[in-house]
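Protein chains get the first letters and strands the later ones, always in sequence-line order, with residue 1 at the start of each. Atoms considered below: every heavy atom in the structure, side chains included; atoms not considered: hydrogens, waters and symmetry mates.
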Amino acid sequence: MNRDSPLARFARDFSESRLALAGLGLLAGVLLLALFAPWIAPQNPYDLAKLDLLDARLPPGSKAGPGLTLSMYALGTDGQGRDMLSAILYGLRVSLTVGVTSGVIALTIGALAGVLAAYLGGRFEQLLMRVVDIQLGFPAILVALILIAVLGRGTDKVIVALVTVQWAYYARTARSAALVERGKEYIEAARGLGLSPARIVLKHLLPNALPPLIVVATVQVAHAIALEATLSFLGLGLPTTEPSLGLLIANGYEYLLSGKYWISVYPGVALLATILSINLVGDQLRDVLNPRLAK
Amino acid sequence: MLSFENVSKRFVRRLDAIERLARRLGAGVSEHTVHAVDRVSFEVAKGEVVGLVGESGCGKSTVGRLACGLHEPTDGRVRFEGSKRAIQMIFQDPFASLNPRMRVQEIVGEAPRVHGLVDAKGADDYVAGLLRQVGLDPAMRSRYPHQFSGGQRARIGIARALAVQPAFLVCDEAVAALDVSIQAQVLNLFMDLRERLGLTYLFISHDLGVVRHLSDRVVVMYLGRVVESAPAAELYATPNHPYTQALLAEVPRLDRRGRDYAPIRGEIPSPLAPPPGCHFHPRCPHATARCREAAPELKQIANGRLSACHLNG
Amino acid sequence: MSAVLAVEGLVTEFSTREGILRAVDEVSFSLAKGEILGLVGESGSGKTVTGFSILGLVDPPGLVASGSVRLGGEELVGAPEEQLRRVRGKRIAMIFQDPMMTLNPVLSIETQMVETVLAHERVGKAAARERAIEALGRVGIASPAERLSQYPHQFSGGMRQRVAIAIALLHRPEVIVADEPTTALDVTVQGQILFEMQRLARESGTALVWITHDLAVVAGLADRVCVMYAGRIVEAGAVGQVLDAPMHPYTRGLLDSVPAAAAPGARLHSIRGSTPSLARLPAGCAFRERCEKADDACASQPPANDREGRRVRCHHPLC
């Protein structure tokens, strides 16, 4: 029986693209690295006591000091003597946490708002959609910058800014999907059977409006990570004590021209791999979920 | 058991803020009103099967939804002897009428559980019993809709309606999407259920042959209005209203070979702009000046027969 | 009488996850000038795929695997796309169930019809326009010159289908394949279109393949009928003979299932079971599991039985 559940069918359809499977594999790898960073990183990059300034700006492959579990700095060190590999692993963790957390919160808020708008219609829907339109009219980076300026710095403030920027996409997509589903006869049947509006929205409308939202979510999480990286690069993002990939790139920027590329480039590669894998998975999700929607 | 008293339903597409502004500035934007149902009155007695026929734009689907309470009438009253749940609808599209993400067990069992007709423990057996009643194997109740054929999905829809123990079923083109051989099976099921459960039906369809087979009485609609109503056999034998006559003449029949078609002229007008007076006059071979000016009343022309045509007097 | 369209042993296969499925399994029939052939079947019978196969419109994962389709002597199966394009629209045309499969919603009718004319003939635009107006008139559209400049959304469903038919008629093709063109239309509109098609076949000698599930339409319109089941033609013959004295149990079952066949209120006869999926066809006769007359002999493919211009594929024909 489980073989033919919507989930099993979806898994089969998804696996048809090798590129997407590769993307999924890469994404899984990135996630695992981030998850287990504290255990696999050769060094704790936040422990200032362990850092040796004399080891600063060493190229990849240099012999490591005593503070490392490995015998060499695999990817070199940065301006403070931090092992790049460890910094990148922790940075991935931070970037992903912030990106996924803000994505999930924005998804929840946006999906509920959009589905409610579709179900209730009328003034509520008009009002909500105008708010969404206005919100989407502003460039994301501008809104984020203004919010950070107003709220101040800090991880939670950055998440608030990212949620504010993203929820509107989810709301708009959720509303369209819910509108399509609302016209279908099974919703009319649910009404005729006397089910409460709350039950109809949560049990019938929302689950069927979910597929396009998942596609939006993958793209949006990638955007959120990129946006956070931009903010950090500009010095307005997360606190410097817990650097994300963006901050790492920013820190290494000044060394690029003097040939010490590894301080910027490797974090950049990690960021690229993350966003690329998310996009590959998202592309296949879109293809798989859409033709089924058309049915 | 069900009665429509001068019921009208209009769908108005209101102008939004921008369009109102445009109109103020002189643009020719106006509200669109669809007169889906126009002063319709009829009754369905307990235990009866009333067939409702008509073509696109006649309003029969809207009438069905008004009967079930899915729409509210703009004018007039819809009276039903029984709770809102006692009247259930069977839908046309076997694909869209079932929630694709719910198992059959849930689809059929959700409403009775929510309304306390059965508790969580008894739900399983209750659903199994219902599925058997509609001719499905109860072992399939943990499957999803897409794993069933069109005819099986139609039966699931019927089981879902029966789960809340209705007294009245409104079938809105319930067999239109099915193949002939499956259609016959589902029609037989409707007739069985009528006998076994004492159900009353409002059977909405564009298929005159199916309606004739199932119905005690038939109501014919055109562009939102009832044009004729009569016992089934009489309607098909001696149709009174020119539209009913044309409709019956046009229906292809197995015994008419190599026909020379002589169709009625013109198209069905849009419900947005129905013709004045009698809606059918532009296409009617017997139209007079009076037909253009005044809409005919639905009058009794014989025992149990009503017709809305000036030619009757 | 030489056939204007001769289909012989047509086989169309689809590659799916469940294997190679034969949607059209050795279908053969022929069509004379001015003849109307009804191709009848329920969903999954392969009738639509047959229509598409004749015009070479089957896309991957489908493929016309073998057989022959001769249009006035010209072989279409396996012909290069260039040749098919010359023939489509000019000598053989198709009408679909949804007129929007023919019509482009963003182009005016005039643009689309003139384009179709110019695709096959070198005439001036004005001449093409005249042809378009004449074709619209032939399908019963009032004030054709004015309606020419309109867009599809300005026409009702029935009118759109007439426009699609008019486009099919522009080059006065020898054969028109019509795939359920009136199924989605109202009864009165259907009557009008059937009237036009009948007049067309009589006046201009266009041969018609009318694909439908509705036996009653075939009864009124067609000269001959082929009944399809699971990709095979199970019975073929003149309309009167097949409908009055069907030889195949499936045809008999279909005729008996129609509401008009039973007294009002009585139980309808129904064929038990449902159409098997093409991936799980029984060995031998595809209809065995639903047939009252089936026995062990039916485990082998039934032979084609030709008798007095009628053909049936059954081990136990009814007469």
**Student:** Is it the backbone or the side chain of L214(B) that comes under 4.5 Å from a heavy atom of chain C, or both, or neither?
**Tutor:** neither
**Student:** Could you please spell out the steps behind the side-chain contact (heavy atoms from CB on, under 4.5 Å) verdict for R283(B) and T188(C)?
**Tutor:** CA-CA 11 Å; R283(B) 307 170 78 193; T188(C) 48; 3.8 Å; yes
**Student:** Answer with side chain, backbone, both or neither: which region of R199(C) has an atom nearer than 4.5 Å to a non-hydrogen atom of chain B?
**Tutor:**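 For R199(C), no heavy atom lies under 4.5 Å from chain B.
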**Student:** How long is the straight-line distance from CD1 of I182(B) back to OG1 of T275(C), given to the nearest 0.5 Å?
**Tutor:** 6.0 Å
**Student:** Working to the nearest 0.5 Å, report the span between CD of Q190(C) and CD of E250(B).
**Tutor:**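 Here the interatomic distance stands at 9.0 Å.
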**Student:** A quick test of your reading: do over 12 heavy atoms of other residues, nucleotides or ligands sit less than 6.0 Å from CZ of R196(B)?
**Tutor:** yes
**Student:** Measuring from D179(B):CG to S45(C):OG, what's the distance to the nearest 0.5 Å?
**Tutor:** 8.0 Å
**Student:** Would you say that more than 12 heavy atoms from the other residues, nucleotides or ligands in this model lie under 6.0 Å from the CG of D137(B), or not?
**Tutor:** yes
**Student:** Answer with yes or no whether the side chains of Q183(B) and S257(C) bring together a donor and an acceptor at under 3.5 Å.
**Tutor:**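 Q183(B) and S257(C) do not have a side-chain donor-acceptor pair below 3.5 Å.
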**Student:** Is there a side-chain contact between V187(C) and E55(B), using heavy atoms and a 4.5 Å cut-off?
**Tutor:** yes
**Student:** What is the minimum heavy-atom distance between A184(B) and S270(C), and which atoms define it?
**Tutor:**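 That closest heavy-atom pairing would be CB-CB, 3.8 Å.
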**Student:** Return the CG to CG distance between L189(B) and L268(C), rounded to the nearest 0.5 Å.
**Tutor:** 12.0 Å
**Student:** Sub-3.5 Å donor-acceptor pair from the side chain of H213(B) to the main-chain atoms of A266(C), do we have one?
**Tutor:** yes
**Student:** Contact part of D207(B) toward chain C, heavy-atom cut-off under 4.5 Å: side chain, backbone, both or neither?
**Tutor:**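 Answer is neither: D207(B) stays 4.5 Å or more from chain C.
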**Student:** With rounding to the nearest 0.5 Å, note down the distance linking CG in L215(C) to CZ in R253(B).
**Tutor:** 15.0 Å
**Student:** Would you say E42(C)'s side chain and S181(B)'s backbone share a donor-acceptor pair under 3.5 angstrom?
**Tutor:**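 Yes.
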**Student:** Is it true that, when you exclude E289(C) itself, more than 12 heavy atoms of the residues, nucleotides or ligands shown sit nearer than 6.0 Å to its CD?
**Tutor:**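 Atom CD in E289(C) is not packed in, count stays at 12 or less.
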**Student:** What option among V239(C), D223(C), D244(C) has the most heavy-atom pairs under 4.5 Å with chain B?
**Tutor:** D244(C)
